[in-house]
Chemist: 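There's a structure below that I have some questions on.
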Amino acid sequence: MPIKLTPKITTLFQLLTLFLLSFSVNAEFYLTSDEQNWLTQRDPIIVGVAIIPPYLSNKLDGDTVEGLSLDYLKLMEASLDTEFQYQIFDSYGAMIEAAKQRSIDVVFGATNTEQRRHYLNFTKVYSHLANKIFTQKGKYQQAEMSDFNGKRFAVPRGTALVSYISNNYPDIEVVQVENLGKAFNLLTAGEIDGVGSYASAGYLFSFMEGIDNISIVGSVGFDYHISFGSRNDQPLLGTLLDKALATVTVEQRSEIESRWVQPEDTQRIDKETYINSLKMLGFILTVAGLLIVVFWNRSLKREVLYRKEVQKEVSFLAYHDELTGAYNRQFLIETLSEYTRLAYSEDRSTCVILLGLDNFSLINEFHGQKIGDYVLNRMSERLESRLSGDAVLARTGGDEFTVLLRKANNHVVLSHLADVLIAEISSPIAYGDQSFSLTATAGISIQAEELDEPLRLLEQADLALHEAKRKNRGHYLFYAIDMSDKLKEREQLAKALTYALNTEQFYLDYQPQVSLGTGEVIGFEALARWQHPDKGNIRPDKFIALAEQEGLIVTLGDRVLRLACEQGRQWLDQGLVFKRIAVNVSVKQFIEADFVSKVLNTLEQAGFPPSKLELELTESVFLGDRKLAKETMEKLTCQGVCFAIDDFGTGFSSLLYLKELPVSKLKLDQGFIRGITKDYSSLQIVKASLQMGHALNMEVIAEGIETPEEQSLLTELHCEQAQGYLFSRPLKSQLITAEKIAQIQQSVILVTEA
Ligand code: C2E
Ligand code: MG
Ligand code: MG
């Protein structure tokens, strides 16, 4: 079986050296006629070969061999256009003997020695091999040739190595053997102490023979520089071989070398070194691997830790509100599903208390998010402190907290808890030197039966909250079945309002305001009206509240302002005399960033003088950022717009804001006016408000005057302006004419006439 050696790559440097040492550039092949004649006339050239790997390896089929030298010889045959005849010898020595006897013409590979030059001519060197010292494994770590003085050292018979050792190390007992195989067998058997051979041959033999207990321990100090030898009695043959060898290209040499020469040979690496290298490489790789594993492990640990942290954070965030740390909606829903399922099977009810912070948006909008966040955190803490262990507190909206309770269906207990929670929210919160007060409203729902859809319980609490906000702000309401219908109705109404705002369904009525001193109509309050096609007139407090809840209030307010300014312009054009038109402005409108420009643009577009516009604000505007409110008001007052405080006395009254802000009028709430002639406290409030307004140089107008007694009393108290059914109900704009105004003036009972 042919030995196929894995092709190995020699270094470029080695190939280059080989090339420079051995040959010049590939010569153009040219034979003289003498050479040509000689070649054609003579008998086939006999090439002696012996099995010396890698030059020649095992016979293929008795007559053929393969190997490095044979590859060269085949190329040379082709160049010479001839066929060599190969004679295979059992040993290298036998071949050399045949050459000496001139029974062969060419020696396939030999070192050029003086001794051999007696019978051989040599071509240029075509291969180099370093000879190594082989010993039994473990016998030597390192060795030199002199270490074998007095010892038996085997060398293939007839090789140049025999004479080299004999000449240079006469004390070494050279044992000539037929081939390397035998030498290695003797070595492993312990019959000799060392073997001299080039590394690749040693490697190959050990490979072939399965010998694995030999080591390379040093260099012989004599390298083979292999040439072709030809009998020197035929000088033309030598010339022809040289010429033929010169035709082998660098690429072909490279290809042959890489096919046959082991890397440990060309790079002076023997089997042991090779194995050691492999071991070293293995070691390095193992260490590197270990290091990588360690580092990888570390970074993996870090990664795992990091991931765990992230995971923790992610799972925390998945179920918690980032700001307050309370549970979030997701957790609430999942827990609710679990509770409602369990509750049914255990015949116990689950309860939801939904708490809405009233007017929280004002704190956020006026004092900034930082304070808003602080307030929410404190609220969360307070609520938590009031809840028992198995209650779940979740922040389910910007200004909403939800409490989930198990086994809770007792109305009395739940009512008490709702009161406690609302009271917790309502007690003032200090932030630096500021103090904030909020109120809360709650909606409560209790699981009545098995819930297919646990979210229904949340929806019911939400409905109850909405209802409580409308009817019972600052308190709680339990869910009732009709609330669902009301919700549907509200949703439909909001849709209808959105549509109505741009149609004639939506319009303004104007209620005259009179001077109690002169009786003249000084102005009108614009009051929004909605004429629903099916439901008829819908009361403003109903649709205004709806617009607030459904986020339509700004659109509605813009529409009112435009209609009022346009109407004012029209009246002026008609020659109607009046001082002002008062327009109600909701807080949400007022705090819009573009409020000032919107108002001024509307005035300009309508051509209505700013000095004839009065904006009615409620006290809740001043709950928030007073500085911002002041700026907004000042920007408009410097254009001539003036401000009135509507429903004065009902809101979060603070005398301070009256001093700070450019308010020119107070509108006393009709609730006080209603009781002015009947109850002492209303009278006192009205008196105090009048005094305060006057002290601050403000006009005071009383609204909701229905009786002459009320008017008389207010006139006595020096209230200078009034608005009420006594003088006129709110009127459609087209009804307001000079005649109508004169008629209204007539209805005012002047003091002098009284
Ligand atoms: P308000 O601004 O305090 O308006 C005065 C309300 O008192 C009006 O009710 C008016 O019709 C009513 N009123 C006037 N005189 C009397 C009286 O002698 N007796 C009685 N019982 N009521 C009297 P209206 O028009 O129903 O408006 C109710 C509220 O709706 C307004 O109170 C105001 O807060 C709001 N509103 C009306 N129009 C608008 C608007 O365009 N924008 C905003 N934001 N709110 C508006
Ligand atoms: Mg008003
Ligand atoms: Mg009012």
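All values derive from a computational prediction rather than experimental measurement. In listed order, ligands and their atoms are each counted from 1.
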Chemist: Counting only heavy atoms closer than 4.0 Å, does ligand 1 sit against the backbone of D647, its side chain, both, or neither?
Modeler: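 Only the side chain of D647 comes within reach of ligand 1.
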Chemist: Do I736 and F524 make a side-chain contact, defined as non-hydrogen atoms from C-beta onward lying under 4.5 Å apart?
Modeler: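 Yes, at least one pair of side-chain atoms sits under 4.5 Å.
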Chemist: Measuring from the Mg ion (ligand 2), name the closest N, O or S atom belonging to E525.
Modeler: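 For E525, the N, O or S atom at the smallest distance from the Mg ion (ligand 2) is OE2.
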Chemist: Answer with side chain, backbone, both or neither: which part of L527 has a heavy atom less than 4.0 angstrom from an atom of ligand 1?
Modeler: both
Chemist: Have a look at ligand 1 and work out which part of E703, if any, has a heavy atom under 4.0 Å from it: side chain, backbone, both or neither.
Modeler: side chain
Chemist: Mind reading off the angle at the Mg ion (ligand 3) between the OE2 atom of E703 and the OD1 atom of D647, rounded to 10°?
Modeler: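 Taking the Mg ion (ligand 3) as the apex, I get 100° for this pair.
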Chemist: Below a 4.0 angstrom heavy-atom separation, can you tell me which part of V560, side chain or backbone, both or neither, approaches ligand 1?
Modeler: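 The answer is the side chain of V560.
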Chemist: Under 4.0 Å, heavy atoms only, figure out whether ligand 1 is touched by the backbone of Q670, its side chain, both or neither.
Modeler: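 Side chain only; the backbone of Q670 stays clear of ligand 1.
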Chemist: Taking 4.0 Å as the limit for heavy-atom contacts, which would you say applies to Q589 with ligand 1: side chain only, backbone only, both, or neither?
Modeler: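 Q589 to ligand 1: no contact under 4.0 Å from either part.
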Chemist: Is there a ring pair (Phe, Tyr, Trp, His ring centres under 6.0 Å) between W530 and Y507 once you walk through the steps?
Modeler: CA-CA 7 Å; W530 180 15; Y507 62 94; over 10 Å; no
Chemist: Side chain or backbone, does Q723 bring an N or O within less than 3.5 Å of an N or O on ligand 1?
Modeler: no
Chemist: Which part of D646 is near ligand 1, with near meaning a heavy atom under 4.0 Å away: side chain, backbone, both or neither?
Modeler: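 The side chain, only.
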Chemist: What part of P730 sits under 4.0 Å from ligand 1 if we count only heavy atoms: the side chain, the backbone, both or neither?
Modeler: side chain
Chemist: Write the atom name of the N, O or S atom in D646 that is nearest the Mg ion (ligand 2).
Modeler: OD2
Chemist: Considering only heavy atoms, does R539 approach ligand 1 within less than 4.0 Å through its side chain, its backbone, both, or neither?
Modeler: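 Neither part.
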Chemist: One residue to check: R529. Relative to ligand 1, which of side chain, backbone, both or neither has a non-hydrogen atom less than 4.0 Å away?
Modeler: side chain
Chemist: Heavy-atom count check: over 12 atoms from other residues, nucleotides or ligands less than 6.0 Å from Y431 OH?
Modeler: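 Yes, enclosed.
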